[in-house]
Novice: 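Sharing a structure, written as structure tokens. Questions coming.
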Amino acid sequence: MPSETYERIYAAVRRIPRGRVATYGQIAELAGLEGHARQVGYALHALPERSDVPWHRVINARGEISLRRGGDAHELQRLLLQREKVKFDRRGRVDLGRFRWRARRDEG
DNA sequence: TGCTTGACATAAT
DNA sequence: CATTATGCCAAGC
């Protein structure tokens with residue numbers, strides 16, 4: 001069982017609705033880790049691909065998939081997002097101005 | 001225990 | 001909007 005911090009992060013990621021994307025900063029804020037966006041990415045890194053957490057809906061503040069080359073995870077994320085009707089830019093970036101999910105406090 | 005790295009964010013240029 | 005520099009906390013060695 002992971003640390004309680006991770007649990008909070010996973011819970012926040014699960015709050016992301018379909019067809020929307022959220023930035024690490026948002027997840028951190030929802031998880032109560034405002035300012036610790038790195039830990040969000042780190043938690044997702046430790047997340048198994050068999051997990052029920054929609055990690056693919058989490059991207060960086062630039063609307064780009066930060067995953068490094070050498071792994072297929074970044075491609076998988078793009079495919080998963082495309083299945084969510086999320087449009088990608090020519091440079092492989094998402095228009096946060098349209099697909100960015102506004103977190104809600106009274107929701108859930 | 002201490003240094004380096006990391007699925008990032010923000011401010012400055 | 002892209003690039004560079006700095007800050008934050010946790011994991012890995």
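Each chain gets a letter, A, B and so on, in the order its sequence line appears, and its residues count up from 1.
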Novice: Rounded to the nearest angstrom, tell me the gap between atom CD in A:E34 and atom P in B:dC8.
Specialist: 19 Å
Novice: Using whole Å, what does the distance between atom C1' of nucleotide C:dA10 and atom CD of A:E7 come to?
Specialist: 17 Å
Novice: From C:dA11, B:dC8, C:dA2, pick the nucleotide closest to the side chain of A:Y42?
Specialist: C:dA11
Novice: DNA chain B: A:G25 or A:Q39, which has the more 5' nearest nucleotide?
Specialist: A:Q39
Novice: From OH of A:Y24 over to P of C:dA10, roughly how many Å is that when rounded to an integer?
Specialist: 18 Å
Novice: For the pair made of CZ in A:R62 and P in C:dA2, what is the distance, rounded to whole Å?
Specialist: 6 Å
Novice: Mind calculating the distance between CG (A:L44) and C1' (B:dA9) to the nearest angstrom?
Specialist: 15 Å
Novice: Does any non-hydrogen side-chain atom of A:L79 lie less than 4.5 Å from one of A:Q82?
Specialist: yes
Novice: Could you state the interatomic distance from CD1 (A:I65) to CZ (A:R93), rounded to the nearest 0.5 Å?
Specialist: 12.0 Å
Novice: Can you spot which of A:V21, A:T23, A:L96, A:I16 makes a side-chain contact (heavy atoms from CB on, under 4.5 Å) with A:W101?
Specialist: A:I16
Novice: Nearest to the side chain of A:H36, which nucleotide is it out of C:dC8, B:dC8, C:dT3?
Specialist: C:dC8
Novice: So, is A:R93 near the phosphate of C:dA2, with a side-chain N or O under 4.0 Å from OP1 or OP2?
Specialist: yes
Novice: Please confirm whether the shortest side-chain N or O distance from A:R38 to OP1 or OP2 of C:dA11 is below 4.0 Å.
Specialist: no
Novice: Starting at CG of A:L33 and ending at P of C:dA10, how long is that distance when rounded to a whole Å?
Specialist: 9 Å
Novice: Among the nucleotides B:dA7, C:dT3, C:dA10, which one has an atom lying closest to any side-chain atom of A:Y6?
Specialist: C:dA10
Novice: Return the orientation label for the A:Y42 and A:H45 ring planes: parallel under 30°, perpendicular over 60°, tilted otherwise.
Specialist: parallel
Novice: Look at A:R100 together with A:D95 and state whether they make a salt bridge at an N to O cut-off of under 4.0 Å.
Specialist: no
Novice: Quickly work out the A:R78 CZ to B:dA7 P distance and round it to whole Å.
Specialist: 18 Å
Novice: Starting at atom CG of A:N60, determine the distance to atom P of C:dC8, rounded to an integer number of angstrom.
Specialist: 21 Å
